[in-house]
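In what follows, a structure is listed as structure tokens, so that the remarks can point back to it.
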Amino acid sequence: MTDAPQPSLKPILRISFSEQDRLGRGKMELLEHIRETGSISAAGRAMDMSYRRAWLLVSELNHMFRETVVESQRGGQKGGGAALTPFGEELLRRFRSMEATLRAAIADDLNWLEVNRSPANPS
């Protein structure tokens, strides 16, 4: 007996707070890189984006919520840094949990789409 093929279709969760404020996988990936590197600059580089763009995304996140998501320190002897706050850690955990819930909830439908879609054109 063979297992059903794993679908290559991926649902993408994006939450719109208003026309301007959105929470999605890009900001969550940035938070993960900040957690790993301790730096907004290094997190931006890991995602191939400028420091300015990464800083603007962090600023958006910090203004979207009542609590701070990322705390940063200006340069000094050790060059400053950034870290997720406890709220930022919880935000990231909950968003990843919502993604997993979404995938599980629509897994059968994704499999159906996968089975019924046209084969990819070989390039």
Side-chain angles (χ1 to χ4, degrees):
M1 179 159 137
T2 60
D3 291 329
Q6 290 294 324
S8 60
L9 305 176
K10 297 177 186 175
I12 297 173
L13 177 63
R14 183 177 79 185
I15 301 170
S16 295
F17 286 65
S18 67
E19 288 189 31
Q20 296 171 339
D21 291 334
R22 292 185 184 91
L23 189 62
R25 62 190 180 133
K27 287 177 181 158
M28 294 300 105
E29 184 180 347
L30 182 63
L31 291 181
E32 288 173 332
H33 285 295
I34 290 170
R35 182 204 293 147
E36 291 168 10
T37 65
S39 164
I40 294 172
S41 178
R45 280 192 305 272
M47 295 179 67
D48 203 26
M49 73 172 65
S50 69
Y51 170 76
R52 175 169 165 64
R53 178 71 180 137
W55 187 89
L56 288 172
L57 291 174
V58 167
S59 180
E60 283 179 29
L61 283 164
N62 281 338
H63 287 95
M64 286 172 67
F65 298 98
R66 292 179 183 168
E67 295 187 44
T68 303
V69 177
V70 175
E71 290 179 334
S72 60
Q73 298 176 330
R74 292 192 180 259
Q77 272 188 335
K78 295 185 179 185
L84 301 189
T85 64
F87 178 81
E89 290 285 354
E90 181 70 5
L91 172 65
L92 181 57
R93 185 194 68 74
R94 286 180 178 264
F95 189 88
R96 293 304 186 207
S97 176
M98 286 186 276
E99 287 180 317
T101 300
L102 171 65
R103 283 190 304 272
I106 64 172
D108 289 342
D109 295 315
L110 287 176
N111 286 330
W112 183 87
L113 290 171
E114 184 73 34
V115 167
N116 289 289
R117 73 180 185 158
S118 292
N121 294 331
S123 299

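These numbers come from a predicted model, not from an experiment.
The side-chain heavy atoms of Phe87 and Thr68, taken from C-beta on, include no pair separated by under 4.5 Å. The shortest side-chain heavy-atom distance between Met47 and Arg53 does not fall under the 4.5 Å cut-off. Taking the side chain as every heavy atom from C-beta outward, Val70 and Leu31 approach each other to under 4.5 Å. Between Ile106 and Leu102, some side-chain heavy-atom pair lies under the 4.5 Å cut-off. Ser72 places none of its side-chain heavy atoms less than 4.5 Å from the side chain of Val58.
Side-chain atoms of Ser97 never come within 3.5 Å of backbone atoms of Arg93 as a donor-acceptor pair (strictly under, hydrogens ignored).
The CD atom of Glu36 sits 10.0 Å away from atom CG of Leu84, with the distance rounded to the nearest 0.5 Å. Atom CG of Leu57 and atom CD of Glu29 lie 11.0 Å apart (nearest 0.5 Å). Expressed to the nearest 0.5 Å, how far CD of Glu71 lies from CD1 of Ile34 amounts to 12.0 Å. Atom CG of Leu91 is separated from atom NZ of Lys27 by 10.5 Å, given to the nearest 0.5 angstrom.
Residues that satisfy the salt bridge (Lys or Arg N to Asp or Glu O under 4.0 Å) test with Arg94, not counting sequence neighbours, are Glu90. Partners of Arg35 by salt bridge (Lys or Arg N to Asp or Glu O under 4.0 Å), not counting sequence neighbours, listed by chain and number: Glu89. For the salt bridge (Lys or Arg N to Asp or Glu O under 4.0 Å) test, residues two or more places apart in sequence or in another chain that qualify with Arg117 are Glu114.
The neighbour count for Asn116 CG, taken as heavy atoms of other residues, nucleotides or ligands under 6.0 Å away, is above 12.
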| task | Show your reasoning for whether side chain to side chain donor-acceptor pair (under 3.5 Å) applies to Arg45 and Ser41. | result | CA-CA 6 Å; Arg45 280 192 305 272; Ser41 178; 2.7 Å; yes
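Nearest heavy atom pair, residue Glu99 against residue Arg25, reads OE2-CB, 4.1 Å. Closest heavy-atom contact between Arg96 and Met28: NH2-CB, 3.7 Å. Considering all non-hydrogen atoms of both residues, Asp21 and Ser18 come closest at N-OG, 3.3 Å. The shortest heavy-atom contact between Thr37 and Ala43 is OG1-N, 3.8 Å. The minimum heavy-atom distance between Phe95 and Leu23, with the atom names listed, is CE1-O, 3.9 Å. Across all non-hydrogen atoms, the minimal contact from Leu9 to Pro11 is O-CD, 4.0 Å.
A single hydrophobic cluster is seen to contain both Phe17 and Leu30, as judged by linkage of ILVMFWY side chains at heavy-atom distances under 4.5 Å, directly or through other members.
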